[in-house]
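Heads up, the thing below is written out as structure tokens.
Predicted, not measured: the structure shown is a model, and the values here were computed from it.
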Amino acid sequence: MGRLSGRGLPSRLGSAKPRLSAASKTEQERNRHRDATQPWRAWYKTARWQKLRLDILNRDVWTCQKTGVALVGKFPAHNSPVVDHKTPHRGDPDLFWEPENLQAVSKAYHDSEKQKLEKSGLI
């Protein structure tokens with residue numbers, strides 16, 4: 001059986017763009033990359049968001065709406081408060097700022113169960 005060689009054949013991969021970006025080495029680099037590719041992330045740094053976040057935590061009595069855990073921890077504790085979007089906004093400002101689309105949850109719930117649901121496409 002003869003050997004296959006690439007001589008004389010045009011490259012089919014040369015023009016293909018990489019589907020995965022290089023992994024960031026630090027959390028800071030990862031966040032910088034996410035901020036650059038997802039401009040809506042800047043909304044979380046506004047005074048408007050901080051006020052809305054506090055309003056939601058007070059409305060929900062600083063209690064996880066999914067597990068009932070008291071949200072008394074300080075980040076990164078498992079019981080620290082996270083204000084979560086019930087329906088992922090994916091950059092839609094109407095969904096992002098809608099109080100009825102927000103709920104107080106624990107960091108533990110948000111970083112495990114909620115992420116599993118989002119990645120599975122169930123929400």
Side-chain angles (χ1 to χ4, degrees):
M1 179 169 260
R3 288 189 338 196
L4 295 176
S5 75
R7 286 184 250 164
L9 297 175
S11 171
R12 292 179 51 193
L13 299 177
S15 62
K17 295 180 182 176
R19 295 184 72 191
L20 299 174
S21 61
S24 297
K25 293 182 175 124
T26 67
E27 186 69 19
Q28 186 178 19
E29 287 175 2
R30 181 174 172 264
N31 284 334
R32 213 175 6 251
H33 173 74
R34 290 173 71 196
D35 287 346
T37 59
Q38 300 168 340
W40 51 261
R41 287 175 50 89
W43 299 341
Y44 288 106
K45 297 174 181 134
T46 64
R48 180 180 176 193
W49 171 255
Q50 293 305 316
K51 181 186 180 318
L52 180 57
R53 180 181 182 277
L54 187 57
D55 290 346
I56 299 304
L57 291 170
N58 287 329
R59 179 197 71 193
D60 292 348
V61 197
W62 293 77
T63 304
C64 179
Q65 300 302 293
K66 294 298 184 177
T67 64
V69 168
L71 303 175
V72 296
K74 183 171 170 72
F75 180 85
H78 68 279
N79 62 346
S80 61
V82 173
V83 173
D84 172 56
H85 292 87
K86 296 175 187 176
T87 301
H89 61 83
R90 292 184 172 84
D92 179 339
D94 293 332
L95 277 177
F96 185 90
W97 297 109
E98 175 55 51
E100 294 306 312
N101 189 40
L102 298 170
Q103 63 185 343
V105 295
S106 68
K107 180 170 175 19
Y109 173 82
H110 182 267
D111 292 356
S112 62
E113 294 306 311
K114 178 66 185 233
Q115 297 303 312
K116 286 179 195 171
L117 289 170
E118 284 189 21
K119 287 179 183 173
S120 72
L122 294 175
I123 56 169

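- Side-chain N or O atoms of Asn101 include one that pairs as donor or acceptor with a backbone N or O of Thr87 at under 3.5 Å.
- In this structure, Tyr44 and His89 have tilted ring planes: the angle between them lies in the 30° to 60° band.
- Without hydrogens or angle criteria, Asp92 side chain to Asp94 main chain gives a donor-acceptor distance under 3.5 Å.
- Residues His110 and Gln115 are in side-chain contact: their nearest non-hydrogen atoms beyond the backbone lie under 4.5 Å apart.
- Distance alone, capped at 3.5 Å, is enough to place a donor-acceptor pair between the Glu98 side chain and the Glu100 backbone.
- Within the 4.5 Å cutoff, side-chain heavy atoms of Val83 are placed close to those of Trp49.
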Legend entry - CA sep, side-chain torsions, deciding dist, call: Phe96, Trp43, ring pair (Phe, Tyr, Trp, His ring centres under 6.0 Å): CA-CA 9 Å; Phe96 185 90; Trp43 299 341; 4.9 Å; yes

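- The distance from the OG atom of Ser106 to the NZ atom of Lys114 is 12.0 Å, given to the nearest 0.5 Å.
- Interatomic distance, NZ of Lys107 versus CG of Asp84, reported as 12.5 Å (0.5 Å rounding).
- Using a 4.5 Å cut-off on side-chain heavy atoms (C-beta onward), Asp35 and Lys45 make contact.
- Considering CD of Glu113 and NZ of Lys116, their distance stands at 4.5 Å, rounded to 0.5 Å.
- Here the side chain of Ser120 pairs a donor or acceptor atom with the backbone of Leu117 at under 3.5 angstrom.
- Residue Trp97 is not grouped with residue Leu95 when hydrophobic side chains (ILVMFWY) are merged at heavy-atom distances under 4.5 angstrom, including chains of intermediate members.
- Taking the side chain as every heavy atom from C-beta outward, Trp62 and Val72 never approach each other to under 4.5 Å.
- Across all their heavy atoms, Cys64 and Tyr109 have their closest contact at SG-CB, 4.3 Å.
- The shortest distance between side-chain heavy atoms of Lys86 and Gln103 falls below 4.5 Å.
- Under the 3.5 Å distance criterion, the side-chain polar atoms of Arg59 are matched with a main-chain donor or acceptor of Pro99.
- Panel note: side chain Ser112, backbone Ala108; a donor-acceptor pair is recorded below 3.5 Å.
- Test Val82, Leu102, Leu71 against Leu57 for side-chain contact (heavy atoms from CB on, under 4.5 Å) and you get one pass: Leu71.
- Between Pro81 and Arg53, the shortest heavy-atom distance links the atoms O-NH2, 3.2 Å.
- Using a 4.5 Å heavy-atom cutoff, the side chains of Asn31 and Arg41 are in contact.
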